[in-house]
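Inspection log for the structure reproduced underneath, given as structure tokens.
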Amino acid sequence: MHSVEHYQVPLDARFVDHACGRGWRPPQLSDAELAQIADAFFPDDGSAPVVADGGP
């Protein structure tokens with residue numbers, strides 16, 4: 001979701017409950033994919049997270 005990815009806005013619990021109630025499950029990520037996400041959000045150089053739209 002755009003708001004979560006770009007602005008770190010948490011999802012409303014009602015939305016999560018609705019999605020779960022309809023059988024949605026998050027994708028299973030490999031260790032390499034999790035490491036890539038961690039590197040993007042927690043860079044070793046102390047810089048801000050990298051986002052696709054060039055924002056902060």
Side-chain angles (χ1 to χ4, degrees):
M1 295 195 82
H2 180 78
S3 60
V4 174
E5 181 179 352
H6 292 282
Y7 303 110
Q8 293 78 44
V9 175
L11 294 174
D12 186 280
R14 294 173 294 173
F15 175 83
V16 175
D17 291 343
H18 173 76
C20 289
R22 297 188 53 88
W24 183 85
R25 299 292 178 261
Q28 192 72 19
L29 300 176
S30 69
D31 288 345
E33 291 168 317
L34 291 171
Q36 184 179 12
I37 292 168
D39 289 345
F41 282 93
F42 306 104
D44 290 336
D45 63 4
S47 63
V50 176
V51 292
D53 67 357

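Note: hydrogens, waters and symmetry copies are ignored here, and every other heavy atom, side chains too, is used.
Heavy-atom minimum distance, E33 versus Q28: OE1-O, 4.2 Å.
Under the rule for a side chain to side chain donor-acceptor pair (under 3.5 Å), Q36 has no partner lying at least two apart in sequence or in another chain.
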Enumerate donor-acceptor pairs with a distance under 3.5 Å from any side-chain N or O in residues 13-23 to protein atoms, sequence neighbours excluded.
{"residue": "R14", "atom": "NE", "partner": "D12", "partner atom": "OD1", "Å": "2.9"}
{"residue": "R14", "atom": "NH2", "partner": "D12", "partner atom": "OD2", "Å": "3.2"}

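Both L34 and F42 are assigned to one and the same hydrophobic cluster, defined by single-linkage of ILVMFWY side chains at heavy-atom distances under 4.5 Å.
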